[in-house]
Amino acid sequence: MSPVSQPTPGSAHGAHGSVLVVNSGSSSIKYQLVNPVGGEAIASGIVERIGEDEGSVRHTYGGNTTTRTDPVPDHGAGLRAVLALFEEVGPDLAQAHVVAVGHRVVHGGAVFGAPVVVDDEIVAQIDALSPLAPLHNPPNLTGIQVARELLPDVPHVVVFDTAFFRTLPEAAATYAIDREVAREHGVRRYGFHGTSHQYVSGKVARVLGRRLEDINQIVLHLGNGASASAVRGGVAVETSMGMTPLEGLVMGTRSGDIDPAVLIHLQRNAGLSVDDVDDLLNRRSGLKGLAGENDFRELHTLVDSGDEDASLALDVYLHRLRKYVGAYYAVLGRVDVITFTAGVGENDPVVRARALEGLEPLGIAVDPERNAGRKKEPTIISPDWTSTLVMVVPTNEELAIARQAIATIEAAGYEGTSDESDPAPAATGHA
Ligand code: ADP
C-alpha cells in the first residue's frame, strides 16, 4: 500500500496538506517534505552515491538526522530507502497528508512554459528533450518514474528550471548562427535556475509591498552554479545561462562565457576530444580551474594568505558579475532592485560589496553596515540615497516547487488543497 493518503481535511499539517519535493540527479536524490503554506521543511534528506559500492541516505526530521550507509543500487532502491526512513523515524506520510509530489526537471526546452501534472505523454516529451540536457533530464525522469510507481495515489507535478525564461524576447533568446542549423537542433537560449529567479523576484515585490508589474529587477543567483536575470514587471527578459547552464557568469567549476573558437582550437590543436572539452568547461574551470578551489569560504582564506591565483580568480568572477549588471541595466533602462541570492549571494558580504563597487554614478551602492554578515531574511543592503535598492533575499526552490505543484493540481481540478497557497510573507524590519 502507498504510504500517502488521499487528501482529507484537518490532518496533521492542516487542510492544505504537504508536498514532497524531489530533485533526482544522476547519482543522488534530494527531497524535502514541505508545508506549502507556512513554507517550512517538515523533513528533508539526500540519497547519495547511487550505483556505487557504498551509498548513503541522510534523513532529517524534528532536528535529528538519521544516516544509513548501504549500497543503493538504483533510484528505485534509493526512493524505497527514503520511504522506509519516513516510516521508521517519521514523519508519517499518511498523517502529513501529502497532496502532491513536485519534481524538479532541468530542461523543458521550447515546449514547457509552466509546470504540468505528469502523465505518460509528459514523460515522453521530457524524454524527447534529453539531447538538450543529457546529464540532467534522464536522471530527473528516472526519479519521476520511480516516484510514480512508489506513490501512485497522488498527482506528480514537474516544475521546469527553464520555464520562467520562456518569455525571453526572440532577440535575447536567439544565437546568431545559421537559423536552419539552430532550428533543427534546438539551439537557442533557454535559461536555467528559473524557479529561483521567479521565486526571488516575486518575493522582492511582496516584501517591499509593491506590485510586481511596477518594478524592474536584476536577480543574481550566486551558488556553485550562478546566473543573472533581468525581470521587467515580473516578466523575464534576459538571463545569463543559455542553451545549457554553461553560459554566462563565472561559476564554481564552470567557465561561463568563453570565445567558442577556444573549443575549436583545443580540439584541433591540443588533441582534446569532445568529452575532454566538456569536462574542462563544466568541471575544471571557473574558480576551481583558476584557483583550485570553488568554495568561497576557502577562496577568501587563500586570498587573505596572499595566494595570487585565488586573488585573480576572485577578480575575474567579480568583473564578469559587474559586467552583467551593467548589461542588464542597459537592457532594462531603469533598475529598481538588484537582489543577491543562493549560497554565495546570501552569505558572502565581500562578493556583494565588490560586485557593485564603482556603480554610484548609476545610483547603485552597498552600505557596509547593512551588508555585513550572512542574511537569513530578506534585507535591504543599499544606503537610503540610491535610486536602485540592493537586497539579499534567500531563495527557496523547494518551497517554490511545492507552491507551483499545489497551484498546478488545483488548476487541474484535484481536490483537497487550499486556495491560499502563496500568502504574503511578513516584511522584515529591514524591508
Ligand atoms: P548549488 O545549489 O549551486 O550547489 P548553493 O546555492 O548551495 O549552490 O551555494 C553553494 C556555495 O555557497 C558554496 O560553494 C560556497 O561557495 C558558498 N557559500 C556557502 N556558505 C558560505 C559562506 N558562509 N560564505 C561564503 N560563501 C558561502
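In each ligand, atom 1 is the first atom listed, and ligand 1 is the first ligand listed. Please read these numbers as outputs of a predicted model, since none were measured by experiment.
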Could you list each N/O atom of ligand 1 together with any protein N/O atom closer than 3.5 Å, one pair per line with the distance?
from	atom 1	to	atom 2	distance (Å)
ligand 1	3 (O)	Asn224	N	3.0
ligand 1	3 (O)	Gly225	N	3.2
ligand 1	6 (O)	Gly343	N	2.9
ligand 1	8 (O)	Asn224	N	3.1
ligand 1	12 (O)	Val344	N	3.4
ligand 1	16 (O)	Phe296	N	2.8
ligand 1	20 (N)	Arg297	NH1	3.4

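- Identified under the side-chain hydrogen bond (donor to acceptor under 3.5 Å, both in side chains) test for residues 318-329, with sequence neighbours left out: Asp257-Tyr324.
- Applying side-chain hydrogen bond (donor to acceptor under 3.5 Å, both in side chains) to Thr341 and the options His221, His193, Lys203, Glu346 leaves one that passes, Glu346.
- Taking the six-membered ring where the residue is Trp, the centroids of Tyr317 and Phe296 are separated by under 6.0 Å.
- Under a 4.0 Å N-O distance rule, the pair Arg354/Asp348 does not qualify as a salt bridge.
- Remark: side-chain polar atoms of Thr167 are paired, donor with acceptor, to backbone N or O of Ala236 under 3.5 angstrom.
- Remark: of the listed residues Lys375, Lys376, Arg297, Lys376 is the sole one forming a side chain to side chain contact (heavy atoms under 4.5 Å, CB included) with Asn347.
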